[in-house]
Amino acid sequence: MADKKLIVVLGPTASGKTALAVELARRFGAPVLSADSRQVYRRMKIGTAYPTDEEMAAAPHHMVGVCDPTEEYSAGCYRQDAAAVLGELFKEHDKVVCVGGSGLYINALCGGLDDLPQVDPDLRESLTRRLESEGLGALCADLERLDPEFYAVVDKSNPRRVQRALEVCLQTGKTYSSLRKRDAGADPAGGGLFVPVKVGIRMPREELYARIDARVINMMEAGLEQEARELYPLRDCNALQTVGYRELFEYFDGTVTLRQAVEAIQRNTRRYAKRQITWFLKDKDTAWFAPGQVDEIVEFIESAPGAGQAR
RNA sequence: GGGAGAGUUCCAGAGUGGCCAAAUGGGGCAGACUGUAAAUCUGUUAGCGUAGCUUUCGGUGGUUCGAAUCCAUCCUCUCCCA
């Protein structure tokens with residue numbers, strides 16, 4: 001059954017995931033599946049560090065630039081779309097390389113996701129408005145009434161969590177907690193079609209931060225400002241709630257100088273990287289390597305009998 | 001040369017006799033996170049293993065039971081008149 005391997009390359013932003021993935025894809029003759037919550041959007045090429053044309057040519061990439069920035073995308077959409085793509089790819093290949101920095105998306109693919117509904121945009125809209133006018137306390141009160149079990153454990157100061165739970169309750173008429181009983185990890189997309197082999201890229205924090213700072217400068221030189229300017233009208237879309245664009249939008253608004261905006265991009269990218277590291281380090285199935293250890297990584301992948309073996 | 005003002009914990013900036021290891025913001029660090037996830041949220045940030053204790057608010061010396069807060073003096077900086 002599981003001689004199909006999904007090689008998952010993960011790590012913080014700017015750690016060199018794409019380059020490694022392309023190299024692995026080349027060596028294994030495998031296609032690449034992106035697991036990135038921002039690269040799914042078109043027109044965000046520079047700011048989200050799309051693979052270059054050469055990289056795309058060297059290894060076909062899937063799930064990059066598949067929807068418009070005006071669309072609402074989510075981990076659920078990703079799971080569905082990516083599973084369909086994988087189903088096709090594994091017909092032809094034993095190995096597929098998955099690269100991405102979005103931990104939740106990788107989990108959705110490899111670990112599964114409970115069967116929760118996609119939220120109705122109108123419902124979300126109305127709750128968002130209530131949140132603004134009546135405050136988080138009002139939503140919390142509702143959630144406490146509708147789903148006391150989940151209310152007991154939610155982060156009550158996180159509007160996203162409270163709102164989402166409430167949305168699900170209102171939409172399904174069931175409690176969020178009752179729909180969420182399954183163990184995350186019990187249901188990989190594709191139903192056991194493949195075994196994930198997770199490879200993480202790790203490097204000293206200092207080095208990573210230096211790479212981030214340099215990459216932001218490169219993005220600016222590559223025309224990020226222009227790209228952002230074209231997307232400025234879409235600034236309220238979820239797709240644009242993204243490091244690299246938000247900061248430039250403030251510059252366009254005249255709130256900050258260009259220099260301040262660029263520094264903010266660098267800083268926010270470092271923070272983002274830190275959050276990714278925190279997330280990825282929790283997954284004990286990941287084997288960590290330095291960026292240059294390609295041979296070791298290849299060897300590890302080939303010898304890996306399945307998931308859950310390394311650390 | 002004369003006059004006015006300021007020096008606070010990583011930074012900015014409150015605090016003007018005890019409730020101050022010192023508000024608040026920023027930055028840093030750590031963490032949480034099952035459909036908005038490059039999002040959202042939390043904790044922490046003088047030292048010592050908590051309690052407690054020790055060293056901080058430009059330097060020094062005073063006043064006081066007690067000082068970041070009052071006095072003297074010194075240093076540095078800013079501004080104004082020359």
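Just so it is clear, the structure is predicted and the values come from calculations on it, not from any experiment. A, B, ... follow the sequence lines: proteins, then strands. Residue 1 opens every chain.
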Chemist: Check the pair A:R43, A:D68 against side chain to side chain contact (heavy atoms under 4.5 Å, CB included), reporting the backbone distance first and the verdict last.
Modeler: CA-CA 8 Å; A:R43 300 162 63 191; A:D68 195 81; 4.2 Å; yes
Chemist: Quick one: which of B:A30, B:A39, B:U34 gets closest to the side chain of A:R160?
Modeler: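 Closest nucleotide among those given: B:A39.
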Chemist: Let's test this: given Watson-Crick or G-U wobble pairing with both distances under 3.5 Å, identify the partner of B:C70.
Modeler: B:G62
Chemist: Between B:U45 and B:G25, how far apart are the two C1' atoms, rounded to whole Å?
Modeler: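 The answer is 14 Å between these two C1' atoms.
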Chemist: Under 4.0 Å between a side-chain N/O of A:T278 and OP1 or OP2 of B:G31, yes or no?
Modeler: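 So the side chain of A:T278 is within the cut-off, an N or O lying under 4.0 Å from OP1 or OP2 of B:G31.
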Chemist: Using the P atoms only, state how far B:U55 lies from B:G47, rounded to an integer number of Å.
Modeler: 16 Å
Chemist: Return the 5'-most residue of the pair A:L281, A:R124 with respect to RNA chain B, ranking by each residue's nearest nucleotide.
Modeler: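 Going by which nucleotide is closer to the 5' end, it is A:L281.
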Chemist: Can you measure A:D36 atom CG to B:A39 atom C1' for me and round it to whole angstrom units?
Modeler: 13 Å
Chemist: So what does A:G47 hit on the nucleic acid, given a heavy-atom distance under 4.0 Å: a base, only sugar-phosphate, or nothing?
Modeler: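 Since a base atom lies under 4.0 Å of A:G47, the category is base.
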Chemist: Taking any strand in view, what nucleotide pairs with B:G17 in a Watson-Crick or G-U wobble way, both distances under 3.5 Å?
Modeler: none
Chemist: Heavy-atom nearest nucleotide on RNA chain B for A:G103 versus A:P159: which residue maps closer to 5'?
Modeler: A:G103
Chemist: Using the P atoms only, state how far B:A68 lies from B:A23, rounded to an integer number of Å.
Modeler: 15 Å
Chemist: Closer than 4.0 Å, any side-chain N/O of A:R270 to the OP1 or OP2 of B:G27?
Modeler: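 Looking at the OP1 and OP2 atoms of B:G27, neither is under 4.0 Å from any side-chain N or O of A:R270.
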Chemist: Is there a Watson-Crick or G-U wobble partner for B:C41 with both distances under 3.5 Å, and if so, which one is it?
Modeler: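 Its partner is B:G31.
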Chemist: Find the distance A:N158:CG to B:A37:C1' and express it as a whole number of Å.
Modeler: 11 Å
Chemist: Considering only nitrogen or oxygen atoms on both sides, find all protein atoms under 3.5 Å from nucleotides 23-26 of chain B and state each distance.
Modeler:
none

Chemist: Regarding A:Q118, tell me which of base, sugar-phosphate or nothing describes its non-hydrogen contacts under 4.0 Å with the strands shown.
Modeler: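 Answer is base: heavy atoms of A:Q118 come under 4.0 Å of a base.
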Chemist: If we take the C1' atom in both B:U78 and B:A67, what is their distance in whole Å?
Modeler: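 Going atom to atom, C1' in each nucleotide, I get 27 Å.
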Chemist: Between A:D253 and A:Y232, do the side chains contain a donor N or O and an acceptor N or O under 3.5 Å apart?
Modeler: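 A pair is found: one side chain offers a donor N or O, the other an acceptor, under 3.5 Å apart.
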Chemist: Return the CD to CD distance between A:E23 and A:E55, rounded to the nearest 0.5 Å.
Modeler: 11.0 Å
Chemist: Taking everything shown except A:Q80 itself, do over 12 heavy atoms lie less than 6.0 Å from its CD?
Modeler: no
Chemist: Could you tell me the Watson-Crick or G-U partner of B:C10, where both distances fall under 3.5 Å? Say none if there is no partner.
Modeler: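 Answer to the pairing question: B:G26, which forms a Watson-Crick or G-U pair with B:C10.
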Chemist: With no hydrogens and no angle check, do the side chains of A:K282 and A:T278 hold a donor and an acceptor under 3.5 Å apart?
Modeler: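 No, A:T278 and A:K282 have no side-chain donor paired with an acceptor closer than 3.5 Å.
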Chemist: Quickly work out the A:L109 CG to B:A37 P distance and round it to whole Å.
Modeler: 16 Å
Chemist: State the syn/anti category of B:G35 according to its glycosidic angle, syn meaning within 90° of 0.
Modeler: syn
Chemist: Report yes if at least one side-chain N or O of A:N238 is closer than 4.0 Å to OP1 or OP2 of B:A37; otherwise report no.
Modeler: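 Answer is yes, contact under 4.0 Å.
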Chemist: Within the 4.0 Å heavy-atom criterion, would you say A:Q163 contacts the bases, only the backbone, or no part of the nucleic acid?
Modeler: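 The residue A:Q163 makes base contact.
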Chemist: Should we count CD of A:E134 as having more than 12 external heavy atoms under 6.0 Å?
Modeler: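 Above 12, so yes.
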Chemist: For B:G7 and B:U40, measure between their C1' atoms and round to the nearest Å.
Modeler: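 So the two C1' atoms sit 41 Å from each other.
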Chemist: For B:A37, does OP1 or OP2 lie under 4.0 Å from any side-chain N or O of A:Y105?
Modeler: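 Indeed, a polar side-chain atom of A:Y105 lies that close.
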Chemist: Heavy atoms under 4.0 Å, any strand shown: does A:N268 hit a base, just sugar-phosphate, or nothing?
Modeler: nothing
Chemist: Under 4.0 angstrom, heavy atoms only, what part of the nucleic acid is A:T48 near: base, sugar-phosphate, or nothing?
Modeler: base
Chemist: Could you work out the separation of B:U36 and B:C41 based on their C1' atoms and round it to a whole Å?
Modeler: 13 Å
Chemist: What's the CG-P distance between A:N107 and B:A37, to the nearest Å?
Modeler: 14 Å
Chemist: Is any side-chain nitrogen or oxygen of A:R180 closer than 4.0 Å to OP1 or OP2 of B:G35?
Modeler: no
Chemist: Hey, does the side chain of A:K274 come within less than 4.0 Å of B:G28's phosphate (OP1/OP2), counting only N and O?
Modeler: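 No, A:K274 has no side-chain N/O under 4.0 Å of OP1/OP2 on B:G28.
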Chemist: Would you indicate, yes or no, if B:G31 has its OP1 or OP2 atom less than 4.0 angstrom from a side-chain nitrogen or oxygen of A:K282?
Modeler: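 Result: no.
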Chemist: Taking only N and O in the side chain of A:Y176, is any of them less than 4.0 Å away from OP1 or OP2 of B:G35?
Modeler: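 Yes, because at least one side-chain N or O of A:Y176 sits under 4.0 Å from OP1 or OP2 of B:G35.
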Chemist: For B:G66 versus B:G3, give the span between their C1' atoms, rounded off to a whole number of Å.
Modeler: 36 Å
Chemist: Rounding to a whole Å, what distance do you find between A:D115:CG and B:G35:P?
Modeler: 13 Å
Chemist: Scan every strand shown for a Watson-Crick or G-U wobble partner of B:A51, both distances under 3.5 Å, and answer none if you come up empty.
Modeler: none
Chemist: Grab the CD-P distance between A:Q39 and B:A37 for me, whole Å please.
Modeler: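 Rounding to the nearest Å, CD of A:Q39 and P of B:A37 are 14 Å apart.
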Chemist: Taking OH from A:Y272 and C1' from B:C41, how many angstroms apart are they, rounded to a whole number?
Modeler: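 Going from OH in A:Y272 over to C1' in B:C41 covers 17 Å.
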Chemist: Partner of B:A82 by Watson-Crick or G-U wobble geometry, both contacts under 3.5 Å, or none?
Modeler: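 Its partner: none found.
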Chemist: Using only heavy-atom distances, decide whether a donor-acceptor pair under 3.5 angstrom links the side-chain of A:R164 to the base of B:A37.
Modeler: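 No, no donor-acceptor pair under 3.5 Å.
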Chemist: Indicate whether any N or O donor in one side chain lies under 3.5 Å from an N or O acceptor in the other, for A:T13 and A:R215.
Modeler: yes
Chemist: For A:R246, answer base if it contacts any base atom (sugar-phosphate contacts may also be present), sugar-phosphate if it contacts only those atoms, and nothing otherwise; contact means non-hydrogen atoms under 4.0 Å.
Modeler: sugar-phosphate
Chemist: Between A:E250 and A:R246, is there a salt bridge with N-O shorter than 4.0 Å?
Modeler: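 Answer for the salt bridge query: no.
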Chemist: Listed by chain and number, what are the side-chain hydrogen bond (donor to acceptor under 3.5 Å, both in side chains) partners of A:Y73, not counting sequence neighbours?
Modeler: A:D81
Chemist: What is the nucleic acid contact for A:F150, judged by heavy atoms within less than 4.0 Å: base, sugar-phosphate only, or nothing?
Modeler: nothing
Chemist: Just verifying a value: how many Å separate A:L170 CG and A:S126 OG, rounded to the nearest 0.5 Å?
Modeler: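 Result: 8.0 Å between the selected atoms.
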Chemist: Taking only N and O in the side chain of A:Y245, is any of them less than 4.0 Å away from OP1 or OP2 of B:A39?
Modeler: no
Chemist: Please state whether the base of B:U34 and the side chain of A:D114 form at least one donor-acceptor pair under 3.5 Å?
Modeler: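 Answer is yes: a donor-acceptor pair is held.
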Chemist: Can you tell me the pairing partner of B:C57 across any strand shown, Watson-Crick or G-U wobble, with both distances under 3.5 angstrom?
Modeler: none
Chemist: Looking at A:K45, I'd like to know if its NZ atom is crowded, meaning that more than 12 non-hydrogen atoms belonging to other residues, nucleotides or ligands lie closer than 6.0 Å.
Modeler: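 At most 12 heavy atoms, drawn from other residues, nucleotides or ligands, come within 6.0 Å of this atom.
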Chemist: Using the P atom on both, measure B:A4 against B:U9 and round to a whole Å.
Modeler: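 Nearest-Å result for B:A4 against B:U9 at atom P: 27 Å.
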Chemist: Remember a base hit wins even if backbone is also touched, and classify A:T242 as base, sugar-phosphate or nothing at under 4.0 Å, heavy atoms.
Modeler: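 Base contact - A:T242 has a heavy atom under 4.0 Å of at least one base atom.
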Chemist: Rounded to whole Å, how long is the line connecting atom CZ of A:R275 with atom C1' of B:C29?
Modeler: 14 Å
Chemist: Under a 3.5 Å threshold, yes or no: a donor from one side chain and an acceptor from the other, between A:Y251 and A:Q260?
Modeler: no
Chemist: Among the nucleotides B:C41, B:A39, B:U34, which one has an atom lying closest to any side-chain atom of A:D155?
Modeler: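 Nearest to the side-chain atoms of A:D155, counting from C-beta on, is B:C41.
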